[in-house]
2 protein chains.
Amino acid sequence: MRQVPTVDDVARTANVSRQTVSNVLNAPQVVRAETRARVERAIAELGYRPHGSARRLRSRKSFTIGMALDPLKNGISGNVLDRFLHAVTEKADERGMRILLFTARERHSQLDQMAALRDGSDVDAFVLTGTEHGDPRIDWLTDNNVPFVTFGRPWGDDDFADRTHLWVDVDGYAGVHDATARLIEQGARRVGFLGWPSPSGTGDERRRGWREASERMLQLTDADLAALSASVEDGVEQGAAAASRLLEAAQPDAFVCASDSLALGAAMAATRHGRRMPVVGYDNTPVAAAVGLSSVDQPLEEVASAALELLFGPSGTDVVPRTGNEEPKNRLLAPRLVERDPSGVSFGEITGTANAGNHTSKGTS
Amino acid sequence: MRQVPTVDDVARTANVSRQTVSNVLNAPQVVRAETRARVERAIAELGYRPHGSARRLRSRKSFTIGMALDPLKNGISGNVLDRFLHAVTEKADERGMRILLFTARERHSQLDQMAALRDGSDVDAFVLTGTEHGDPRIDWLTDNNVPFVTFGRPWGDDDFADRTHLWVDVDGYAGVHDATARLIEQGARRVGFLGWPSPSGTGDERRRGWREASERMLQLTDADLAALSASVEDGVEQGAAAASRLLEAAQPDAFVCASDSLALGAAMAATRHGRRMPVVGYDNTPVAAAVGLSSVDQPLEEVASAALELLFGPSGTDVVPRTGNEEPKNRLLAPRLVERDPSGVSFGEITGTANAGNHTSKGTS
DNA sequence: AAGTCGTTTTTGATCGTTCAAATCCGCGGT
DNA sequence: ACCGCGGATTTGAACGATCAAAAACGACTT
């Protein structure tokens with residue numbers, strides 16, 4: 001079995017020293033062109049490939065980004081994070097970096113994992129998703145001066161002023177606002193909203209988008225607005241039930257929803273009530289695509305690029321020092337409304353106990 | 001800034017040598033209980049954590065599994081691989097192992113990536129998905145003696161006799177066979193099948209399941225069977241179109257499909273023809289769950305466990321030597337039919353050019 | 001008292017690379 | 001001739017751990 005060649009082997013065949021070989025790889029500009037060519041030939045000839053672990057041990061850089069993979073949320077919602085994961089992986093690949101995944105049942109051991117990954121130079125930085133307000137991971141990372149960026153705002157007092165925490169997020173307010181405005185342009189006069197119970201950073205933001213667009217463009221009383229809005233846990237059934245209530249009580253002529261699950265439920269409820277009306281969901285999941293629902297699409301590729309840019313600058317692989325000045329510390333990206341014609345599907349009778357999925361709805365408080 | 005403690009620091013505080021500390025971590029049984037306790041106390045006190053890269057450099061083991069993350073297939077189908085990824089990550093976590101992701105636009109550079117990962121002791125083994133017959137990656141891995149396992153059969157002449165290639169797969173034949181049988185039990189007499197064009201390992205296998213169940217349980221001529229089966233590219237529209245043709249020509253009273261996309265299309269087509277009939281899809285995606293379609297569910301957690309067991313044995317983290325004898329080299333797992341009542345949704349008129357998604361259908365050959 | 005054996009601990013070398021500093025080399029200036 | 005200088009290259013040490021072999025220790029024989 002052939003031994004894997006090392007820098008020394010390359011150095012010997014190219015008649016140079018170890019360090020020169022190393023320089024060809026890491027700082028080509030300091031090597032004379034002629035020598036460089038010679039070394040490169042030797043590298044190709046021997047099929048040399050640097051030993052990652054050795055390099056990391058010495059240089060304390062890993063070209064690797066750590067991502068926590070949280071246990072799969074039921075079906076629909078997990079899709080966004082998976083798409084984000086793909087996007088980050090690809091953007092990282094473009095910089096020659098890789099993604100190290102880890103999970104941890106308990107949050108505590110997740111901190112341990114992250115600590116181990118950092119101390120062992122396994123990762124240069126972390127990309128986190130699904131962070132909550134006051135997330136212990138964030139405090140730990142900040143305290144220990146570990147570079148990280150989150151997909152999702154910290155939802156503190158003034159996120160844009162937060163200079164210790166890099167974040168990228170999608171402007172749910174704008175997304176829902178624009179979707180609502182579009183419906184109104186198309187003739188809607190009473191747009192209903194299905195969202196999640198407060199407090200929920202993302203949820204409240206999306207509701208605000210609907211509310212402000214409605215306020216601004218339609219002459220609706222506060223009572224009207226209150227009647228047109230519902231707060232329920234995520235899920236198709238819950239969406240159907242809530243939409244049904246609104247349809248009876250507040251006569252909406254369109255729906256905007258905080259998720260595609262809710263939107264699908266709303267579309268079904270509308271048909272059940274013998275009405276056909278536009279419904280817009282959120283996240284543009286395959287479900288929305290399959291049944292022809294319009295949906296607000298998050299630009300996950302851009303989110304991924306932006307996240308890496310905040311961490312590593314426009315193109316490098318070195319963590320940008322967080323000097324606390326100048327450089328932007330966050331990015332808020334605009335989503336895009338994907339409009340679809342739901343002519344392909346209509347939603348018929350829904351039975352009393354129809355279970356439109358295998359969602360484990362834990363409590364309804 | 002505090003320095004990260006090393007084995008030497010621990011050794012010093014515990015009054016032992018480096019190697020003893022190392023032994024406490026890697027071979028506790030050779031250390032006297034009392035000494036071990038002392039060392040462990042020192043470890044806890046200093047908050048020592050082994051340096052992964054140093055360990056890897058010396059021991060040539062990484063406790064890491066490499067997975068290629070292929071560019072996201074459009075919507076629906078990607079879901080299975082993402083669920084698999086999650087499952088593998090969790091099962092790996094239980095063994096104290098982690099997942100390193102990488103992508104590569106071109107297949108060629110993917111080989112390079114894998115070579116680099118292996119040479120750099122970045123990964124101990126690879127888990128591959130979406131392998132094709134005669135996949136160059138497989139040859140390369142086999143030739144270079146790199147441990148790997150695939151989710152998906154090699155689709156060679158006799159996969160079960162293949163002792164050089166570890167694989168896990170789900171028995172699509174059984175899944176579709178049983179789904180078909182179930183429909184027949186429930187009264188169906190002419191079950192239609194929507195699948196993909198041959199040759200396609202998975203696709204042909206699923207079709208065979210339908211065909212043999214139909215042959216065995218129903219008295220159908222070869223001509224009947226041929227008329228009841230369609231081959232189209234994956235997609236909701238394609239499924240609807242094909243189902244529509246079958247409905248006109250062969251009077252099916254139920255459908256079994258090779259994917260949820262096709263199944264959704266079939267359900268829509270059936271409604272369009274004013275018929276209500278059972279439809280079973282494959283993969284149990286969120287789409288099926290959302291619209292209440294029955295579907296064949298792949299046991300991805302089991303697939304993940306089985307894959308790791310083939311590689312590392314029932315519980316360790318060391319690659320089982322592929323001696324070519326005795327130990328099983330593959331596992332074929334049975335899927336499970338998830339039955340749903342589609343009462344919640346009915347599928348209405350479909351317009352001529354309805355685009356029920358943003359699938360980029362490349363060619364129709 | 002010396003030899004033997006088994007268990008526990010220590011010692012020195014090594015993994016493959018990069019860092020930091022030293023050396024080499026050619027050239028122009030005094 | 002000597003010095004200084006900047007660019008190119010080399011040298012020795014270090015990164016933090018494990019491997020392989022040697023040494024220390026105790027108990028038990030002979």
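Numbered from 1 within each chain, the chains take letters A, B, ... in sequence-line order.
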Exercise. At under 4.0 Å, does any side-chain N or O of A/Thr20 touch on OP1 or OP2 of D/dT10?
Worked result: yes
Exercise. Could you give the CZ-to-C1' distance, from A/Arg12 to D/dT10, as a whole number of Å?
Worked result: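 Spelled out: CZ on A/Arg12 to C1' on D/dT10 is 15 Å.
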For this session: Quickly work out the B/Arg56 CZ to D/dC15 C1' distance and round it to whole Å.
Result: 14 Å
Is there a donor-acceptor pair under 3.5 Å between the side chain of [X] and the backbone N or O of [Y]?
X        : Y        : result
B/Asn144 : B/Val146 : no
A/Arg18  : A/Val7   : no
A/Asp124 : A/Ser62  : yes

Problem set entry | B/Arg32, nearest nucleotide to its side chain (from D/dT10, C/dT8, C/dT10) |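 It is C/dT8.
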For this session: Could you walk me through whether A/Val16 and A/Val24 pass the side-chain contact (heavy atoms from CB on, under 4.5 Å) test, one step at a time?
Result: CA-CA 11 Å; A/Val16 295; A/Val24 169; over 6 Å; no
Exercise. With a 4.5 Å limit on heavy-atom distance, are the side chains of A/Met97 and A/Leu308 in contact?
Worked result: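 No, too far: nothing below the 4.5 Å cut-off.
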Problem set entry | Heavy-atom check, side chain of A/Ser121 versus side chain of A/Leu57, under 4.5 Å |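 No, too far: nothing below the 4.5 Å cut-off.
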Exercise. What string of B, S and - do you get for nucleotides 14-22 of chain C, 5' to 3', if B is base contact, S is sugar-phosphate-only contact and - is no contact with any protein heavy atom under 4.0 Å?
Worked result: BBBBBBB--
Exercise. Base, sugar-phosphate, or nothing: which does B/Thr35 touch, judged by heavy atoms less than 4.0 Å apart?
Worked result: sugar-phosphate
